[in-house]
Amino acid sequence: MSAVLPTGTRGARWTGHILAGAAILALLVDAGVSIFAPQLMANDLARTGFAIALSPVIGGVLLACLVLYAIPRTSVLGAILLTGFLGGAICTHMRIGEMGSPPQIVSAVLGIAVWASLYLRLDAVRALLPLTGLSGAR
């Protein structure tokens, strides 16, 4: 039951690159604020139970994940790490009773964008996660 998956079209690859760029830009801004202007996040950090002194560490971890995601040879590893990071953000807000809050929604959308961009750009990811045949049609 081996299915041959078509290689991505040129449009799909471009869409994947644009999606990746948007996700990287948004997360890079977040990492930059965390590292260089933690006072802007003081209220949010306090509300979620994190000390403001951890802000540069959190930003550094996010930046490291982003670098791995931005390098083509390590992009899948970076996506896995970003998924964990964003999942932690979602869980943090759930823990304090903010179900469906904007930070949770943004984290989920960014996580989806990270993987969708890889799916559109990389044949190996499409082979690993074949979405063909989901409708039941053969």
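Excluded from the calculations below are hydrogen atoms, water molecules and symmetry mates; all remaining heavy atoms, backbone and side chain alike, are included.
Proximity of a side-chain donor or acceptor of S107 to a complementary backbone N or O of Q104 within less than 3.5 Å is not detected. The backbone N or O of T48 sits less than 3.5 Å from a side-chain atom of R95, completing a donor-acceptor pair.
Under a hydrophobic clustering in which Ile, Leu, Val, Met, Phe, Trp and Tyr are joined whenever their side-chain heavy atoms come within less than 4.5 Å, directly or via other members, V109 and L66 fall into different clusters. I18 is not connected to V125 by any chain of hydrophobic side-chain contacts under 4.5 Å among Ile, Leu, Val, Met, Phe, Trp and Tyr, and they are in different clusters. Linking Ile, Leu, Val, Met, Phe, Trp and Tyr residues whenever their side-chain heavy atoms come within less than 4.5 Å leaves I24 and I112 in two separate clusters. With hydrophobic clusters built from ILVMFWY side chains whose heavy atoms lie under 4.5 angstrom apart, L54 shares a cluster with L63. Criterion: ILVMFWY side-chain heavy atoms under 4.5 Å apart, direct or through other members. Under it, W14 and L118 are not part of a common hydrophobic cluster.
In this structure, OG on S34 lies 7.0 Å from CG on L45, to the nearest 0.5 angstrom. The CD1 atom of I35 sits 11.0 Å away from atom CD1 of I58, with the distance rounded to the nearest 0.5 Å. Considering CE of M99 and CD1 of I90, their distance stands at 9.0 Å, rounded to 0.5 Å. Distance check, rounded to the nearest 0.5 Å: OH of Y69 to CG of L27 gives 9.0 Å. Atom CG of D123 is separated from atom CZ of R13 by 5.0 Å, given to the nearest 0.5 angstrom. Atoms CG and CZ, on L120 and R126 in that order, are 7.5 Å from each other to the nearest 0.5 Å.
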Subject >> Test log, rule side-chain contact (heavy atoms from CB on, under 4.5 Å), inputs M41 and D30 >> reply: CA-CA 10 Å; M41 300 182 67; D30 187 24; 4.1 Å; yes
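Taking the side chain as every heavy atom from C-beta outward, L122 and S75 approach each other to under 4.5 Å.
Cluster partners of L81, using a side-chain heavy-atom cutoff of under 4.5 Å among ILVMFWY residues and allowing indirect links, are L68, L77.
The shortest non-hydrogen separation linking L110 to A26 is CD2-CB, 4.0 Å. In terms of heavy-atom proximity, A23 sits nearest to V114 at CB-CG2, 4.2 Å. Here the closest heavy-atom approach between residue I105 and residue G100 is recorded as CD1-O, 3.4 Å. When all heavy atoms of A42 and I52 are compared, the closest pair comes out as CB-CD1, 3.6 Å. Closest approach of A31 and G59 over heavy atoms only: CB-O, 3.7 Å.
With W115 as the partner, the side-chain contact (heavy atoms from CB on, under 4.5 Å) test is satisfied by one option alone out of V76, L19, L82: V76.
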